[in-house]
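Encoded as structure tokens, the structure appears first; notes follow it.
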2 protein chains.
Amino acid sequence: MQNALLLKYEKFVRLSAAERAALMALTPGAKKRLRAKEDIVREGAAPQFVYLIVSGWACRYKTLEDGRRQIIAFLLPGDLCDLNALVLRTMDHSIGALTDVEYVEAPKKVFDQIAAEYPRLMQAMIWDGLVSASIQREWTVNLGQRTASERMAHLFCEIYHRLQAIEMAHDGRIILPLTQIDLADTVGISAVHVNRILQDLRARGLIQWRNADFFIPDLQALMRVGLFNPNYLHFDREGAHLDANE
Amino acid sequence: MQNALLLKYEKFVRLSAAERAALMALTPGAKKRLRAKEDIVREGAAPQFVYLIVSGWACRYKTLEDGRRQIIAFLLPGDLCDLNALVLRTMDHSIGALTDVEYVEAPKKVFDQIAAEYPRLMQAMIWDGLVSASIQREWTVNLGQRTASERMAHLFCEIYHRLQAIEMAHDGRIILPLTQIDLADTVGISAVHVNRILQDLRARGLIQWRNADFFIPDLQALMRVGLFNPNYLHFDREGAHLDANE
DNA sequence: CGAGCGATTGATCATAATCAAGCGATGTGG
DNA sequence: CCACATCGCTTGATTATGATCAATCGCTCG
């Protein structure tokens, strides 16, 4: 697999060979592994590193006192967790593995160096953080205004677009390693209701899903159902005016 | 009224006199005024400035094709809108005035200068942006997991804490200039239902609200009802190790 | 004075939660 | 190798939460 982080950044700006090399060398430490359901960092902890997801799916989540869990964001390969979380002393949420996950830890000083030497790369990192914030806002809209089936459709469209950006989607097909319970905790409805919505979407020919193989026969149709507009992902090379000219 | 931005930043780090002066001089332009319901920036536009709310309440919001509106964030006096939104070419949401609003526009270069000359001040600005992101995550939890009355209670607690940080809350009393429709579009329930939840909270002695005068007799009780934990606001001077020593 | 807006109330309907049970696949220990 | 437990998915029945529809009231403003 190609470097997902690199692929994603090129959705914003074209990087120079030197920048690409700096990105590849970002994380000197060894790869770490985690099993599904284990935590990378827990709420209340003091984060020491920035984490880069190499493979697998992780998520940010919060739990209420009585056990209700809300998944706040999905972390996919190439996602850097909280570039500047080092400013905040304590984590206000947890990061956990949804599948088996490989990740690397990058110390803070690496980023100081990037900021100093590769301003365009730094811009790309800031852009990435702003896109995450934009996604978070869209989730607010999703939970606040859309109906259950609209929410599910919207979520699938978002996941598809994000995976496509890192070349993990082809011809409407993706690997979706989530359980229905994960989906329930993401879109804020019960697992039973998720199951019924899925059956409805299947019956309407909008999705196919067996094991982890997920297929969207007609993306435009699913986008209409979910009132999905991809603008908020900012994948249309908004940094083109900064492109490296090599 | 004191400078709200300054008051807020001091919840993170103690600033030097020079930094305080730089902050006061941030926005050379004249104050602009807007009536309630007018927009500061609209989705799709290319923002030219960073906006600082001086007085009044504004909000970020998004509208679905069929008219459903979701308020995504409240912007209170001292809130700086999207310090680094200048990286993104187009707005993915709108910013509108909920009450009459006074604001000032700050050009990008002012921030380059601050970054170069006042690193501690820059840290405070980054902290502020991270707190906004944290609030957005908490809203995701609010909409996804809490019941209607929990949501309302939680929202009131959050607003109270934020106003307290800029000294606009005293002894449980705040000015709350929102309509029930605004609240409905914020917590994702219908206006009729908001009205009924409010009556319930009133009947239980948890809130009093006449015109814009809002009173919380027992904040701890309201916090329990809303499962509210203020950690996510990061108001406990997490930057104390960076304090100016004057 | 009439229009418009926000708040309020009642009645009815729709969406989604909860409770309960069963199924199939997987994995584990005796 | 089988018995058993667990987990995720599925289905049905019932209940609860909140939406929708409709009407009224008070207030402000032109």
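Reminder, nothing fancy here: chain letters follow the sequence lines and each chain counts from 1.
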Protein within reach of the bases, or only the backbone? For nucleotides 13-20 of chain D, mark each nucleotide 5' to 3' as B, S or -, using heavy atoms under 4.0 Å.
B----SSB
Without decimals, in angstroms, what is the distance between [X] [atom1] and [N] [atom2]?
{"X": "A:I181", "N": "D:dC7", "atom1": "CD1", "atom2": "P", "answer": "9 Å"}
{"X": "A:D200", "N": "C:dT15", "atom1": "CG", "atom2": "P", "answer": "11 Å"}
{"X": "A:N211", "N": "C:dG24", "atom1": "CG", "atom2": "P", "answer": "16 Å"}
{"X": "A:L178", "N": "D:dG8", "atom1": "CG", "atom2": "P", "answer": "12 Å"}
{"X": "B:L183", "N": "C:dT8", "atom1": "CG", "atom2": "P", "answer": "12 Å"}

What nucleic acid atoms does A:R202 come within less than 4.0 Å of, heavy atoms only: base, sugar-phosphate, or nothing?
sugar-phosphate
Report yes if a side-chain nitrogen or oxygen of [X] is closer than 4.0 Å to either non-bridging phosphate oxygen (OP1 or OP2) of [N]; otherwise report no.
{"X": "A:Q199", "N": "D:dT11", "answer": "yes"}
{"X": "B:K37", "N": "C:dG6", "answer": "yes"}
{"X": "A:N195", "N": "D:dT10", "answer": "yes"}
{"X": "A:Q180", "N": "D:dT10", "answer": "yes"}
{"X": "A:R210", "N": "D:dG8", "answer": "no"}

Using a strict cut-off of less than 4.0 Å between a Lys/Arg side-chain nitrogen and an Asp/Glu carboxylate oxygen, indicate whether [X] and [Y] qualify as a salt bridge.
{"X": "B:D218", "Y": "B:R204", "answer": "no"}
{"X": "A:D128", "Y": "A:K8", "answer": "yes"}
{"X": "A:D185", "Y": "A:R68", "answer": "no"}

Ring centres under 6.0 angstrom apart ([X], [Y]):
{"X": "A:F214", "Y": "A:Y160", "value": "no"}
{"X": "A:F74", "Y": "A:W139", "value": "yes"}
{"X": "A:F228", "Y": "A:H161", "value": "yes"}

With no hydrogens and no angle check, do the side chains of A:H170 and A:Q164 hold a donor and an acceptor under 3.5 Å apart?
no
